[in-house]
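Notes follow once the structure below has been shown.
Each chain gets a letter, A, B and so on, in the order the sequences are listed, and its residues count up from 1.
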Number of protein chains: 2
Amino acid sequence: MEAPRWLDEREERAWRGYRRMRRLLDLELARELAQDAGLSEPDYDVLSDLSETPDQRLRLSELADRMLWSRSRLSHHLTRMQQRGLVTREECASDGRGSVVALTPAGRQAIEAAAPGHVAAVRRHLIDLLTPEEVEALGALTHRVVDHLTAPIGPAGDPPRRVAPTSAGPEV
Amino acid sequence: MEAPRWLDEREERAWRGYRRMRRLLDLELARELAQDAGLSEPDYDVLSDLSETPDQRLRLSELADRMLWSRSRLSHHLTRMQQRGLVTREECASDGRGSVVALTPAGRQAIEAAAPGHVAAVRRHLIDLLTPEEVEALGALTHRVVDHLTAPIGPAGDPPRRVAPTSAGPEV
DNA sequence: ACCCAGTTGTTGACATGTCACTGAAACCGC
DNA sequence: GCGGTTTCAGTGACATGTCAACAACTGGGT
């Protein structure tokens, strides 16, 4: 590790582009979401994950693992969302420690109202700007990186590291 | 805009992969950076941008624009970095309002110590996992999205929007 | 010369996220 | 059943980011 291999021009361009896109896309999507639906991106993600679940409810740590959030962060955020009436906490029947997060009718209404506009924004600012080949490539490439980062042990000489904030399985 | 065009399977895969990668890559890079160099990613970005500049110094708003940060955020962050001795503020000769941010020797030393490891981490967790074609595609695709988001007026029926936190030019 | 709209950077209040810690409950070998 | 360990969720202190308001200053029109 003595002679650092710097990024060549092409790699530099990809890396800078990625970070710039990341920032701008985030700003814009968050802006539209807040304006059109009164939700933040974290709000949206919580509601979205909950609404995709059969019973509209999930164990707190299950939800945290799916979102790659720490339990603490989720707990704080749920407290705020609960105060706005978007979700509720219920006791968990099978585990006395646990709590179950459930979508309220208002929460369901909020996500259903927000989703079409949000998807449209994702299309407008990202997906529809790409060729089908690029969409395919982006899917392949991101999943490879995700697999690498969630592999139980570094695949090739990496220091073995777990990266998820809590004890998430190698969920993809 | 009545019938929402949802994402098809391939698009969904790309979008989810992107967000997951984003999160995991961030966590891992931030973790290594903090551990190996005692810097946060924002710290690194500030130092990096400053060190790339001819005179190791930049007007505050110039720096904010390059980083796509609000002046407020940068000002707060500089206060913290200043207390750690990484940067200093100087008065601007040509503009009585302005201030110039400059790298201190300690700041220069910090970025020089951090850079090789950080670049190695970017390689290990992203760049070296991609084929040359994918690197090329990622560069092309991200720059297209960035251009779209920074275009002065929405290129195709978009509501005209500026997305940068302050008055950034369409800098790439 | 002077006014004044706009820009620059800072600040304080607040929203959000992280970290270390805690009590309660589950798990597990005995 | 019992004691030690682990996991679950919540909490408070703190770090970071956002937003609106502000004072100092610039620069252009008159």
> Is there a side-chain contact between A:Ser48 and A:His118 (heavy atoms, below 4.5 Å)?
Replying inline: no

>> Checking the side chain of B:Glu134 only, and the main-chain atoms of B:Thr131 only, is there a donor and an acceptor separated by less than 3.5 Å?
In response: yes

> For the pair made of CD in A:Glu41 and P in D:dT18, what is the distance, rounded to whole Å?
Replying inline: 12 Å

> Would you call B:Arg22 and A:Glu41 a salt bridge, using N to O less than 4.0 angstrom?
Replying inline: no

>> Under the rule for salt bridge (Lys or Arg N to Asp or Glu O under 4.0 Å), what residues qualify as partners of B:Arg13, not counting sequence neighbours?
In response: none

>> Please report the distance, rounded to the nearest Å, between CZ in A:Arg71 and C1' in C:dC19.
In response: 15 Å

>> Let me spell it out: for each of B:Leu60 and A:His77, pick the nucleotide of DNA chain C with the closest heavy atom. Which residue's pick is nearer the 5' end?
In response: B:Leu60

> Is the backbone N or O of B:Gln109 less than 3.5 Å from a side-chain atom of B:Glu112, with the two atoms forming a donor-acceptor pair by type?
Replying inline: no

>> So that I can tick it off, tell me whether B:Asp8 and B:Arg10 are bridged by a salt bridge, with the cut-off set at under 4.0 angstrom between side-chain N and carboxylate O.
In response: no

>> Treating B:Thr142 as the side-chain partner and A:Met21 as the backbone partner, does any N or O pair qualify as donor plus acceptor under 3.5 Å?
In response: no

>> Can you see if the side chain of A:Arg80 gets near the phosphate of C:dT16 - specifically, an N or O under 4.0 Å from OP1 or OP2?
In response: yes

> Parallel, tilted or perpendicular for A:Tyr18 and B:Tyr18, by the 30°/60° rule?
Replying inline: perpendicular

>> Check this for me: does any side-chain nitrogen of one of B:Glu32 and B:Arg124 sit under 4.0 Å from a carboxylate oxygen of the other?
In response: yes

> Would you say the side-chain atoms of B:Thr104 pair up with the backbone N or O of B:Leu86, donor to acceptor, closer than 3.5 Å?
Replying inline: yes

> Counting only non-hydrogen atoms, which of residues 94-104 of chain A are less than 4.0 Å from DNA chain D?
Replying inline: A:Arg97, A:Gly98, A:Ser99

> To 10°, what angle do the rotation axes through the five end pairs on each side of the helix from C:dA1-D:dT30 to C:dC30-D:dG1 form?
Replying inline: 20°

> Does C:dT7 have OP1 or OP2 sitting under 4.0 Å from an N or O in the side chain of B:Ser61?
Replying inline: no

> Roughly, in whole Å, what's the span from CZ in A:Arg73 to C1' in D:dA15?
Replying inline: 14 Å

>> Run A:Asp128 and B:Arg5 through side chain to side chain contact (heavy atoms under 4.5 Å, CB included) and show every step you take.
In response: CA-CA 11 Å; A:Asp128 285 351; B:Arg5 242 184 352 122; 2.9 Å; yes

> Atom CG of B:Asp43 and atom C1' of D:dT16: how far apart are they, to the nearest Å?
Replying inline: 11 Å

> Who are the ring-ring contact (aromatic ring centres under 6.0 Å, His included) partners of B:His76, not counting sequence neighbours?
Replying inline: none

Protein and nucleotides 12-14 of chain D: nitrogen or oxygen contacts under 3.5 angstrom:
| unit_1 | atom_1 | unit_2 | atom_2 | d |
| --- | --- | --- | --- | --- |
| D:dG12 | O6 | A:His76 | NE2 | 2.9 |

>> Using a 4.0 Å cut-off on heavy atoms, which residues in residues 81-91 of chain B reach DNA chain D? List them by number, or say none.
In response: none

>> Are B:Leu63 and B:Val100 connected into the same hydrophobic cluster when the rule is that any two of I, L, V, M, F, W, Y join if their side-chain heavy atoms are below 4.5 Å apart?
In response: no

> Aromatic rings A:Trp69 and A:His77: how do their planes relate, parallel, tilted or perpendicular, breaks at 30° and 60°?
Replying inline: perpendicular

> Whole Å only: how far is the CG atom of B:Leu78 from the P atom of C:dT8?
Replying inline: 16 Å

> Whole-Å distance between D:dG10 C1' and A:Leu74 CG?
Replying inline: 11 Å

> What is the distance, rounded to the nearest whole Å, between atom CG of B:Leu63 and atom P of C:dT8?
Replying inline: 14 Å

> Within this structure, what is the CG-to-C1' distance between B:Leu27 and C:dG17, rounded to whole angstrom?
Replying inline: 12 Å

